[in-house]
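Report on one structure; see the data block that follows.
Letters go in sequence order (proteins before strands), and every chain restarts at 1. These figures come from a predicted structure and were not determined experimentally. As a basis for the values below, the full set of heavy atoms in this structure was taken, side chains included, without hydrogen atoms, waters or symmetry mates.
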Amino acid sequence: MGKNLYITTAIPYVNGTPHIGNALDYLIADIWTRYQMQNGRQVRFQVGTDEHGNKIAAKAAESGLDPKTYTDQMYVQFEQLMKKVGASYTDFIRTTDGHHEGAVQYIWQQLQPYIYKGKYEGWYCQGHEAFFTDKEVETTGGICSDHQTPYERVSEENYYFKASAFTDQVREGLENGKMKIVPDFRRKEFLELIKDGIQDVSVSRPKKNLSWGVPVPGDPEQIMYVWIDALANYITVLGYPDKPGWQDYWPAEVQVIGKDILRFHAGIWPPMLLALGLPLPKKLLVHGFVNVGGAKMSKSVGNVVDPNEIIDTYGLDAFRYFFSRHIPTLDDGDFTWEKFETAYNTELGNDLGNLVQRVGAMVTRYQAGVIGEAVQSEHDMRRYHDAIANLEFNQAVDEVWAMVRSLNQYIENVKPWEIAKKREKDTEAEGHLTEVLATAVGGLLQIADLLVPFLPGTAKAIHDSFETGVVVPQGVLFPKIYRHTPDPHAPKAAAGQ
RNA sequence: CGCGGGGUGGAGCAGUCUGGUCAGCUCGGAUGGCUCAUAACCAUCAGGUCGCAGGUUCAAAUCCUGCCCCCGCAACCA
């Protein structure tokens, strides 16, 4: 196995504000990256933004800006979120980057044997200068609600990419595991979807209908539609085709995507790669959505949760903890402020934070802070590593918490405070106490190691507390917060209420 | 008969492929213990016909058949 690994995240369309789903992408990729780096791998971790298209052009026009200036303002929000969740990315791509646009045109030319001209037919609105789906047309009764004009049936010339030519190869790759889709039920879902073959996709629009995008080489009348432009980012960001080094990282080990965009990443992207003669990514990690109290998060319902608010209130590691352990990596999850706060107070505060505190306090109190010969804990962490290899991060965190529990149990069983009392009379007690506390510290240090990918700040705090051989208090980890759940120790309000 | 996922103690889940050792885990609730600690921690308990009805088997949450209910997706929607 080589040392170089590559992981990617979906690039969000900058026409909008960052949300939990984006944060989840970054977090998952970041956990994986930190884990691999901890194990001595060289990792490139891509993030970026998708910045072309009509919606951007329209938004920019509304604000009286040219599109590029507009995206220059918008993409920063996403960059801020990436930094806020602690994403240790190495490569940031914007689809408006010069190198990317040039590379995409090169790719288009390489794809020539599989590109043909065809007619695209659909419902068109003059006011929007855009096509609408059958569904939208149906729900509005055929009248555009913004312009009060009927949609017209229009057909236009487009270039198509012959993705269908690669149906068998893609299917094969999925069946022999050359390209895995994780979890497996997503793979089955996708195979079912392409049962009748992958369909060709329209990859360009006439310039009059799509102004803001990469021009099609050799045809000034056509602009590239999203697919080739956006999907290509995964290789252009590495330097493809002209900057050396990209071969060291492609194929990607993992491509992190949401369940909504699986079909593009399994049905268009692999055919593009095959047409370019490039290997397929090894794994597509498909995560689910975050619901709120069982309901879909949506602006119209008004239940959107802002990741920034969580992090500002509870801290970055608390955010990373909840979204890595309580939102299953490979399935939908549920967020509520109550759940979050309960997990924060009980699991982070009571279980882990308090454990660190009590061990530190005992070493300080009984041994003036001097830690004895650290005993290396022999806890078998195979399940932790297996879980990460299987991309089930929530299970890996479960394993860490099993260790936290057993360390609390250990302390309860050996009762260091009783050994401490015996030291006056029993000469062996001193050594015994030192050994017990060193064992506890050893356990904490191992826990800290395991937490590095998930809670880097906490892992560092634990290390800093105990690593030097003398306890260096780092302050209380995860102090109690009661904003959404009742404070059990609050002065009793009037009875009955 | 479109496709996929799911229905397990108050809540959230594991277990189903490879039938018995499964009725398990976490949170919440109750009781007790302890005092090193963030009124934390530890132990015990709370008794859920494992969606419903049949079937296979010595034995089914776990296999087969039928049905009911919930949630996504249903193709150019970033």
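By the 4.0 Å N-to-carboxylate-O rule, R405(A) lies too far from D351(A) to be salt-bridged with it.
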How far apart are the C-alpha atoms of E341(A) and K480(A), what are their side-chain angles, what is the distance that settles it, and do they pass the salt bridge (Lys or Arg N to Asp or Glu O under 4.0 Å) test?
-> CA-CA 9 Å; E341(A) 194 167 276; K480(A) 293 293 161 60; over 6 Å; no
Audit row: E189(A), K259(A), salt bridge (Lys or Arg N to Asp or Glu O under 4.0 Å) steps and yes/no = CA-CA 11 Å; E189(A) 201 174 76; K259(A) 65 179 183 180; over 6 Å; no
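One can find a donor-acceptor pair under 3.5 Å joining the base of C76(B) and the side-chain atoms of W227(A).
For K460(A), the NZ atom counts as loosely surrounded, since its 6.0 Å shell holds 12 or fewer non-hydrogen atoms of other residues, nucleotides or ligands. At most 12 heavy atoms of other shown residues, nucleotides or ligands fall within 6.0 angstrom of atom NZ in K180(A).
Where K339(A) and I411(A) each meet RNA chain B at their nearest nucleotide, the meeting point lying more 5' is that of K339(A).
Of the options T49(A), I11(A), D50(A), a side chain to side chain contact (heavy atoms under 4.5 Å, CB included) to R94(A) is made by T49(A) and by none of the others.
Using N1 to N3 plus N6-O4 or O6-N4 for Watson-Crick, or N1-O2 and O6-N3 for G-U wobble, each under 3.5 Å, C17(B) pairs with nothing.
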Between the protein and nucleotides 23-33 of chain B, list the N/O to N/O atom pairs that are separated by less than 3.5 angstrom.
from	atom 1	to	atom 2	distance (Å)
U26(B)	OP1	R405(A)	NH1	3.4
G33(B)	N2	E412(A)	OE2	3.2

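Within 4.0 Å (heavy atoms only), K259(A) reaches sugar-phosphate atoms of the nucleic acid but no base atom. Residue contacts shown for R365(A) are limited to sugar-phosphate atoms, with no base heavy atom under 4.0 Å away.
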